[in-house]
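This chain uses plain numbering: 1 for the first residue, then up along the sequence.
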Amino acid sequence: MSPNGSDRSPRRTMRRKLPQALALGLVIASATGCSANDLPRLGLPTPVTKEGPLVLHMWQGSWIAALAVGALMWGLILWSVIFHRRSRTKVEIPAQTRYNVPIEALYTAVPLVIVSVLFYFVARDEATLTSTSAKPQHVVNVVGFQWSWAFNYENTENPDPANTNAAYDVGTPAEPPTLWLPVNESVTFRLTSRDVIHDFWPINFLMKQDVVPGVVNKFEVTPTAEGTYRGKCAELCGVDHSRMLFNVKVVSHDAYEQHLKELRAKGQAGAVPSGITTTGSEEE
């Protein structure tokens, strides 16, 4: 009998609701539609570049660390709930621990160690992901503007419109452009903007970087799987931000060269001006 005269005790109510809670959790877990192959990636898409697995492993490691800390906290909470409940110990208020220097030192040192370890791995992997080779096999200058993209193939961060060996493609919000890349060949992206800050994000590359007016940002990838992938702007840049999309088409070397020839034949030789006034990180 509960204190208010009802025969529905809190313990009985809890036992009745536990199966419902477990069933709800099972429905939520199964409704995500994740397959056995998707689950280890923990929400990230399949990487299609040589550098992509590095990001994936960093993501997985962060989750493992978070789950380990969470499991410890949940275990301590459940231990306290089960073994210090009043109905078991008959004690109104359990013994309190205050001013325990070893415990206080422990819960100060452990978070510092965790943060330091995570910082080390993030800094190490970030340095690898943002490094570029002196002579990549291909260079693509990416020009962001409200609200689409231009891709200057085989050009520099200050694209030369008179360079007839280069080629360009440009899109609109209604007709997103397609970025063509050769498979298993390194490509350095040099990112520039003509107006506001954008963010270049080929989703399956697991890499994105800000596109800042007056500054050249860059990163390098090597695509490893042919196919067509999605890309978008990941920085709120104005009214049509959601339509600032593009596609990435990874093809063979011969198909890539043929595409550049077709662009030049259509009169798209040279480059779209990037609007750079200073070379930012490229400045000597």
Side-chain angles (χ1 to χ4, degrees), residues 37-38 40-63 118-145 148-157 169 171 176-193 196-213 215-237 241-242 244-251 256 274 280-282:
N37 293 329
D38 295 331
R41 296 198 306 274
L42 300 169
L44 286 187
T46 302
V48 295
T49 65
K50 185 178 72 174
E51 298 76 14
L54 189 63
V55 179
L56 178 59
H57 296 157
M58 184 164 54
W59 174 251
Q60 291 169 326
S62 299
W63 268 99
L118 291 175
F119 176 82
Y120 165 76
F121 284 108
V122 170
R124 183 198 64 180
D125 292 347
E126 182 182 9
T128 300
L129 292 168
T130 56
S131 64
T132 56
S133 56
K135 294 183 178 180
Q137 292 172 279
H138 304 278
V139 176
V140 178
N141 170 247
V142 178
V143 183
F145 57 91
S148 193
W149 304 91
F151 304 122
N152 295 319
Y153 295 97
E154 312 304 340
N155 226 308
T156 63
E157 70 273 8
D169 198 4
T178 297
L179 171 65
W180 288 58
L181 299 174
V183 69
N184 295 322
E185 297 181 16
S186 61
V187 181
T188 291
F189 296 113
R190 298 178 181 270
L191 311 176
T192 63
S193 171
V196 300
I197 296 176
H198 303 283
D199 195 292
F200 179 66
W201 184 23
I203 297 173
N204 284 82
F205 287 11
L206 304 191
M207 180 67 179
K208 61 181 179 179
Q209 198 168 68
D210 279 352
V211 186
V212 182
V215 175
V216 176
N217 286 330
K218 58 182 180 178
F219 68 93
E220 185 174 312
V221 298
T222 301
T224 56
E226 294 188 21
T228 302
Y229 310 101
R230 296 181 299 117
K232 61 176 67 176
C233 174
E235 183 81 25
L236 182 60
C237 57
H241 161 71
S242 63
M244 194 168 171
L245 309 174
F246 63 95
N247 296 309
V248 181
K249 193 175 184 68
V250 180
V251 297
Y256 173 75
S274 66
S281 60
E282 296 292 298

Please tell me if the side chains of [X] and [Y] come closer than 4.5 Å, counting only heavy atoms from C-beta onward.
X      : Y      : result
Lys232 : Ile203 : yes
Val48  : Phe205 : yes
Phe189 : Leu181 : yes
Pro213 : Ile197 : yes
Leu206 : Pro45  : yes
Val187 : Pro182 : yes
Val211 : Asn217 : no

Smallest separation among heavy atoms of [X] and [Y], with atom names:
X      : Y      : result
Gly171 : Ser148 : C-OG, 3.0 Å
Ala234 : Trp201 : CB-CE3, 3.8 Å
Thr228 : Lys249 : OG1-NZ, 3.5 Å
Asn184 : Gln137 : O-OE1, 4.3 Å
Leu245 : Ser242 : CD2-O, 3.7 Å
Thr224 : Thr49  : OG1-N, 3.7 Å

Report task. Apply side-chain contact (heavy atoms from CB on, under 4.5 Å) to Val142 and Phe151, showing your working. Result -> CA-CA 5 Å; Val142 178; Phe151 304 122; 4.0 Å; yes

Query raised in the report: Does the Glu220 side chain pair with the main chain of Ser133, one donor and one acceptor, at a distance under 3.5 Å?
Result: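 Yes; judged by distance alone, with no hydrogens or angles, the pair exists.
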
Query - Check: Phe200 ring centre within less than 6.0 Å of Trp149 ring centre - result: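 Yes, they do, as the ring centres are separated by less than 6.0 Å.
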
Working to the nearest 0.5 Å, report the span between [atom1] of [X] and [atom2] of [Y].
X      : Y      : atom1 : atom2 : result
Cys233 : Phe145 : SG    : CZ    : 11.5 Å
Thr188 : Lys135 : OG1   : NZ    : 13.5 Å
Arg190 : Lys218 : CZ    : NZ    : 5.0 Å
His241 : Glu235 : NE2   : CD    : 8.0 Å
Met244 : Leu236 : CE    : CG    : 11.5 Å

Query raised in the report: Stepwise, does the side-chain contact (heavy atoms from CB on, under 4.5 Å) test hold for Glu51 with Met207?
Result: CA-CA 9 Å; Glu51 298 76 14; Met207 180 67 179; over 6 Å; no

**Report entry** Step-by-step side-chain contact (heavy atoms from CB on, under 4.5 Å) determination, His138 to Tyr256
**Finding:** CA-CA 11 Å; His138 304 278; Tyr256 173 75; 3.6 Å; yes

Give every donor-acceptor pair under 3.5 Å between a side-chain atom in residues 119-130 and any protein atom, sequence neighbours left out.
residue: Thr128; atom: OG1; partner: Arg124; partner atom: O; Å: 3.3
residue: Thr130; atom: OG1; partner: Glu126; partner atom: O; Å: 2.8

